[in-house]
2 protein chains.
Amino acid sequence: MANLKQLAQSLGLSITTVSRALDGYADVSAATRERVREAAEKTGYRPNASARRLRKQRAELVAVTLPSDPGHIGPPHFLDMLSGCAEHLAAAGLNLVIAPVPRGESELEICRRFVDGRRVDAMLLVRTKRRDERVEFLQSRGIPFVTNGRTESLVPHPFIDGDGFSGFRAATLRFHAAGHRRIGHIAGPQEYYFAHARCRGWQAAMEECGLAADLCAEGAPLEQGGYLAALELLRQPSRPTALVCATDEMAIGALRALREVDGGNQISIVGHDDLPMGAFTSPPLSTMRMTGENLGASFASLLLRAIAGEPAEELQEIHAIEFVDRDSHRRPPLAA
Amino acid sequence: MANLKQLAQSLGLSITTVSRALDGYADVSAATRERVREAAEKTGYRPNASARRLRKQRAELVAVTLPSDPGHIGPPHFLDMLSGCAEHLAAAGLNLVIAPVPRGESELEICRRFVDGRRVDAMLLVRTKRRDERVEFLQSRGIPFVTNGRTESLVPHPFIDGDGFSGFRAATLRFHAAGHRRIGHIAGPQEYYFAHARCRGWQAAMEECGLAADLCAEGAPLEQGGYLAALELLRQPSRPTALVCATDEMAIGALRALREVDGGNQISIVGHDDLPMGAFTSPPLSTMRMTGENLGASFASLLLRAIAGEPAEELQEIHAIEFVDRDSHRRPPLAA
DNA sequence: AAGATTCTCCAAAACGTTTTGGGAGTCAAG
DNA sequence: CTTGACTCCCAAAACGTTTTGGAGAATCTT
């Protein structure tokens with residue numbers, strides 16, 4: 001039946017006893033515990049979620065905010081990640097609600113609504129900025145949260161992030177080792193931590209090699225942004241022979257730009273994210289990706305531990321970047 | 001403050017009056033209404049969601065079940081759809097929770113948990129089967145729901161679906177008009193409605209043209225499934241000159257098979273879904289897609305109307321299929 | 001001026017659970 | 001026979017809101 005009261009009545013017991021029997025407390029005899037369980041099973045009784053949540057002062061929900069830039073909804077493999085995360089949260093009795101950001105409202109406003117309305121026990125933030133007002137707000141409220149991507153916040157918070165700096169440094173050094181000297185970078189918007197870290201990785205490598213880090217163009221983290229940025233670099237008097245792109249989408253746009261200029265098909269290129277379509281571009285796109293299986297499970301675990309009160313310092317994961325070598329990075333260094 | 005009680009106390013009013021003032025009832029004077037609103041604004045008061053849900057007997061949540069076949073998490077553009085849906089639901093005070101299906105549990109079990117625990121006001125079902133036990137369960141419980149894809153259920157229910165039958169019939173007729181006579185079909189698992197409808201569309205066209213509908217192979221709706229099914233068709237004594245594939249993923253697998261056999265690059269092919277990577281395959285994949293802007297908004301609207309009690313018959317949308325012509329469908333009909 | 005109506009406000013109930021703080025029994029030890 | 005410990009159960013409070021069913025004061029009607 002619907003009610004605990006009804007179930008109790010039909011058994012001739014108090015609702016206290018029925019409740020405790022179902023929760024497996026020791027202060028109800030094994031006999032009645034079994035009897036109650038059977039009755040509950042037979043009638044298909046499930047406790048009313050709202051009532052429990054009110055009483056236990058827990059929302060049993062975690063919200064993830066979806067960036068609403070159309071067409072660029074989140075990190076690659078985002079849905080797989082969400083699904084895995086939701087599955088592991090569910091095992092702990094938590095459900096994952098998605099919190100899109102309506103036009104004209106800020107992500108901060110959404111966080112406020114969820115947090116101050118006691119709608120969630122924790123939040124999952126995606127696509128962090130270097131200075132992220134959502135992070136500052138959640139920290140001020142003291143509500144548990146985990147971010148996908150670091151921030152420059154002075155007070156530590158839980159996160160999972162790829163080591164973009166090292167990845168892009170290594171990619172640049174690889175090009176240098178292959179003989180390239182004019183290595184360009186197609187950068188994402190620098191207010192995003194991931195974009196900034198990747199740019200710094202490229203810069204660091206160039207400096208180590210004694211090369212000027214001047215072939216850099218910034219654009220939106222989309223195909224179009226990569227296309228425009230690549231065009232800009234190709235107009236330089238001394239063109240790059242290799243291009244390190246902040247994302248695969250930008251790299252795919254850059255490939256389009258390369259097709260449009262003379263000798264462009266001699267320029268090496270590498271992206272980041274390992275988008276499925278990268279395997280089908282021409283040339284097939286060499287790329288990088290964050291290591292780690294089942295990221296969603298990791299996020300879920302971090303969220304649960306944050307809710308349990310573990311200190312933020314112990315809830316930070318930086319994952320190495322691995323290369324996915326296809327064809328686009330092995331053009332000769334002495335092009336056009 | 002956190003509490004309605006505290007807010008009322010600080011204003012020297014009863015909680016009744018404060019509650020009604022915030023909800024804009026007319027039986028509180030404009031003066032106090034304004035005073036209450038200001039105080040609420042200043043202290044950042046938001047009603048406790050769990051308490052309101054309990055009292056109003058509404059969960060303010062809608063769940064969408066995620067099919068858990070790894071790597072094939074849902075229809076194309078699924079995340080965009082979810083995001084749009086969540087956004088429009090949010091405007092009506094509902095949040096969207098994602099309900100993944102853990103290994104070893106059935107989707108039916110998940111539905112049961114959500115429905116019987118009063119966790120949701122409605123459900124959104126994805127990837128329907130022809131006979132879908134989730135649909136039967138929800139109908140028996142009388143809880144509102146909308147499906148993405150039709151079923152063969154005798155009692156009508158709300159859905160949004162593409163007109164796969166007509167789309168595949170038309171695609172087949174186009175091949176016939178272009179001179180093709182041996183037109184094969186790479187089919188998805190026939191227990192899914194979409195796969196069955198697309199197969200029937202192909203069959204119908206073949207019959208209309210007086211051709212035998214015998215070049216058909218079924219596979220999993222993935223790249224690998226399409227690859228294997230295509231190889232099977234290519235082994236036939238009288239090979240197809242054109243291939244109509246149930247999904248783009250299968251079509252991409254089929255393209256791989258075509259590359260591996262002599263003369264395979266002379267065979268025409270068309271898919272369905274308009275996956276972004278289709279633009280990058282070689283040859284670029286011709287495909288089809290369901291018409292309609294902002295599908296998520298449509299789902300949200302149907303859900304809200306279903307919750308409001310509109311009869312199912314008025315909540316059924318069949319969208320036309322449109323072609324996306326790239327290169328893969330215009331090979332000469334007289335191949336190998 | 002009495003009755004009817006309207007305006008403001010409020011006390012209390014209700015939503016369905018979990019948890020607190022015992023209350024009867026029973027049994028063994030003192 | 002008392003005491004204490006133990007077992008099994010329960011009444012009542014609490015969670016924070018919305019809604020019901022008025023109450024009292026002011027205003028209008030006649």
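Model, not experiment: these values are computed from the prediction.
Look at CG on A/Leu13: it is 11 Å from P on D/dA11, rounded to the nearest Å. Here D/dA5 presents its C1' atom at 16 Å from CG of A/Asp27, a figure rounded to the nearest Å. Following rounding to the nearest Å, A/Asp23 (CG) and D/dC9 (P) show an atom-to-atom distance of 16 Å. Rounded to whole Å, atom C1' of D/dC8 lies 16 Å from atom CG of A/Leu11. The separation between B/Arg20 atom CZ and D/dT20 atom C1' is 9 Å, rounded to whole Å. Rounded to whole Å, atom C1' of C/dT17 lies 14 Å from atom CD of A/Gln6. What separates CD of A/Glu34 from P of D/dC8 is a distance of 15 Å, to the nearest Å. Atom CZ of A/Arg118 is separated from atom P of D/dT17 by 9 Å (rounded to the nearest Å).
For D/dT17, its base never sits under 3.5 Å from the side chain of B/Arg52 at any donor and acceptor pair. Residue-to-nucleotide contacts include a donor-acceptor pair under 3.5 Å from the side chain of B/Thr16 to the base of C/dA11. No hydrogens or angles were tested; on distance alone, a donor-acceptor pair under 3.5 Å links the side chain of B/Arg55 to the base of D/dT18.
Using a cut-off of 4.0 Å between Lys/Arg side-chain N and Asp/Glu carboxylate O, B/Glu60 and B/Arg52 are scored as salt-bridged. Taking a cutoff of 4.0 Å between a charged side-chain nitrogen and a carboxylate oxygen, B/Arg305 and B/Glu314 do not qualify as a salt bridge.
At C/dT17, none of the side-chain N or O atoms of A/Ser50 fall inside 4.0 Å of OP1 or OP2 (strictly under the cut-off). Taking 4.0 angstrom as the limit, B/Tyr45 places none of its side-chain polar atoms (N or O) nearer than this to OP1 or OP2 of D/dG16. An OP1 or OP2 oxygen of D/dT17 is reached within less than 4.0 angstrom by a side-chain nitrogen or oxygen of B/Asn3. Checking the phosphate oxygens (OP1, OP2) of D/dT19, a side-chain nitrogen or oxygen of B/Tyr25 falls inside 4.0 Å. Taking only side-chain nitrogens and oxygens, A/Gln57 comes nearer than 4.0 Å to OP1 or OP2 of D/dG16. Contact annotation: B/Thr17 side-chain N/O to C/dC10 OP1/OP2 distance is under 4.0 Å.
Remark: B/Arg130 fails to qualify as a cation-pi partner of B/Tyr193 under the 6.0 Å distance and 45° angle criteria applied to the six-membered ring. Cation-pi geometry between A/Arg127 and A/Phe194 is met: the NZ or CZ atom falls under 6.0 Å from the ring centre, inside 45° of the normal.
Considering only heavy atoms from C-beta on, A/Lys56 comes within 4.5 Å of A/Arg58 through its side chain.
Residue A/Ser19 has its side chain nearest to C/dT18 when only D/dC15, D/dC8, C/dT18 are considered. You'll find that the side chain of A/Val28 is closest to D/dC9, out of D/dT17, D/dC9, C/dC10. Taking the side chain of B/Ile15 as heavy atoms from C-beta on, and the options D/dT18, D/dG16, C/dG16, the nearest nucleotide is D/dT18.
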